[in-house]
There are 2 protein chains.
Amino acid sequence: MKETLLCPRLSKAMDLLGKRWTALIVYQLIDGAKRFNEIESSLPISGRLLSERLKELEKEGIVVRTVFSEVPVRVEYNLTDKGYALKDVVGGIESWSKEWL
Amino acid sequence: MKETLLCPRLSKAMDLLGKRWTALIVYQLIDGAKRFNEIESSLPISGRLLSERLKELEKEGIVVRTVFSEVPVRVEYNLTDKGYALKDVVGGIESWSKEWL
DNA sequence: TATATTAAGTTACATAAAGTAAGCAAACAT
DNA sequence: ATGTTTGCTTACTTTATGTAACTTAATATA
């Protein structure tokens, strides 16, 4: 791939947010924890992709996963501070969409 | 595909911005017009994709294309008001990346 | 005259990512 | 023994992206 002088941190941020569903998943978690199935039913995403994205987000420290050993098992996803810091970004996208789309 | 109650405007905004390179192209144009080759050399994107993305952005009214009939031809790309309105969004991503990545 | 140059793409082809649907594990209830 | 529920995973198909070569138009150069 080409090499450019693009800021590596901006580049990485764009890699994350410019990946399908990522920003919408963060958006779903802004108001608090949600379970796997809740996110899945709120978005036109498949379980396969949702699972993949949540793993990426967890690995990046944007989301935390909590398992409750109930029957059947319950798993909740929350934003970390790092993830919650994206509130203005996703909020900004929402505002822009309301004004221009 | 699944049907959800997700706001169609937010959904469309995410479709655009959550597509690889789109936000970075807007970011490149924030400070003013750029030529095709300038954008291409500022980003690790290929001409094929850049061409495709610029067409989409033009179609959405986010970018305007201006042809100067010089030899060889010169083509400039600018943000429209709609595109420039994304300044805070891409700026927000940049700030977040500086603080958290 | 033939060849080269330059910007701004386009085309053809290979690989990677996303969509779809079916299957699985655990721990019960029937 | 069979069914139910949640949270995934697997196998397979389709779409998106990456790579590199090619095109067009209008000159300039050998």
Side-chain angles (χ1 to χ4, degrees), chain A residues 1-4 6 11-29 32-60 63-79, chain B residues 1-4 6 11-29 32-60 63-79:
Chain A
M1 201 176 265
K2 285 163 53 185
E3 86 284 350
T4 58
L6 184 64
S11 177
K12 180 168 185 183
M14 293 296 194
D15 257 26
L16 285 168
L17 298 174
K19 190 169 277 184
R20 203 162 187 194
W21 307 118
T22 306
L24 277 172
I25 292 169
V26 171
Y27 178 81
Q28 292 296 322
L29 297 178
K34 278 199 176 177
R35 301 174 62 170
F36 188 91
N37 278 337
E38 283 184 287
I39 306 174
E40 199 182 0
S41 8
S42 313
L43 297 175
I45 190 181
S46 64
R48 181 194 152 312
L49 254 288
L50 179 56
S51 168
E52 198 173 302
R53 286 294 183 276
L54 285 170
K55 270 183 200 163
E56 291 171 25
L57 290 171
E58 202 191 345
K59 194 173 138 206
E60 290 298 328
V63 155
V64 266
R65 181 175 184 269
T66 314
V67 181
F68 297 86
S69 299
E70 305 171 353
V71 176
V73 68
R74 178 163 61 100
V75 180
E76 283 192 355
Y77 292 90
N78 259 290
L79 292 179
Chain B
M1 200 177 261
K2 284 162 52 182
E3 87 277 0
T4 58
L6 184 63
S11 176
K12 181 168 184 184
M14 293 295 194
D15 257 25
L16 286 167
L17 297 174
K19 191 169 276 185
R20 202 164 188 193
W21 305 119
T22 304
L24 277 172
I25 292 169
V26 171
Y27 178 80
Q28 291 297 320
L29 296 177
K34 278 201 176 178
R35 302 174 61 170
F36 188 91
N37 277 337
E38 285 183 287
I39 306 173
E40 197 182 1
S41 5
S42 313
L43 298 176
I45 190 181
S46 66
R48 181 193 152 316
L49 256 273
L50 179 55
S51 171
E52 197 172 304
R53 287 293 183 276
L54 285 170
K55 271 184 200 161
E56 292 171 23
L57 290 171
E58 202 192 347
K59 194 173 138 207
E60 290 297 328
V63 153
V64 266
R65 180 176 183 269
T66 313
V67 181
F68 298 85
S69 298
E70 305 171 354
V71 176
V73 68
R74 179 160 61 99
V75 180
E76 283 192 355
Y77 292 90
N78 259 289
L79 292 179

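Each chain gets a letter, A, B and so on, in the order its sequence line appears, and its residues count up from 1.
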For the side chain of [X], counting heavy atoms from C-beta on, which of [options] is nearest?
X        : options                  : result
Lys55(A) : dT9(D), dA8(C), dT17(D)  : dT9(D)
Val71(B) : dT6(D), dT27(D), dG19(C) : dT27(D)
Val75(B) : dA8(C), dC8(D), dA18(C)  : dA8(C)
Pro72(A) : dG7(D), dT6(D), dG19(C)  : dT6(D)
Ser51(A) : dG7(D), dC8(D), dA7(C)   : dC8(D)

Q) Any donor-acceptor pair under 3.5 Å between the side chain of Arg48(A) and the base of dG19(C)? A) yes
Given atom [atom1] of [X] and atom [atom2] of [N], what is their separation to the nearest angstrom?
X        : N       : atom1 : atom2 : answer
Lys34(B) : dA7(C)  : NZ    : P     : 16 Å
Asp15(B) : dT15(D) : CG    : P     : 16 Å
Glu40(A) : dC8(D)  : CD    : P     : 10 Å

Q) Closest approach of Ile45(B) and Glu40(B), non-hydrogen atoms and distance? A) O-CG, 3.9 Å
Report yes if at least one side-chain N or O of [X] is closer than 4.0 Å to OP1 or OP2 of [N]; otherwise report no.
X        : N       : value
Ser46(A) : dA18(C) : no
Arg20(B) : dG18(D) : yes
Trp21(B) : dA16(D) : no
Arg65(A) : dC8(D)  : yes
Arg35(A) : dG7(D)  : yes

Q. Hey, are the side chains of Val63(A) and Asn78(A) touching, using non-hydrogen atoms and a 4.5 Å cut-off?
A. no
Closer than 3.5 angstrom, by distance alone: can the side chain of [X] be matched with the main-chain N or O of [Y] as a donor-acceptor pair?
X        : Y        : result
Ser11(A) : Leu6(A)  : no
Ser42(B) : Glu38(B) : yes
Arg65(A) : Lys55(A) : no

Q.
Mind checking if Tyr77(A) touches a base, just sugar-phosphate, or nothing, with heavy atoms under 4.0 Å?
A. sugar-phosphate
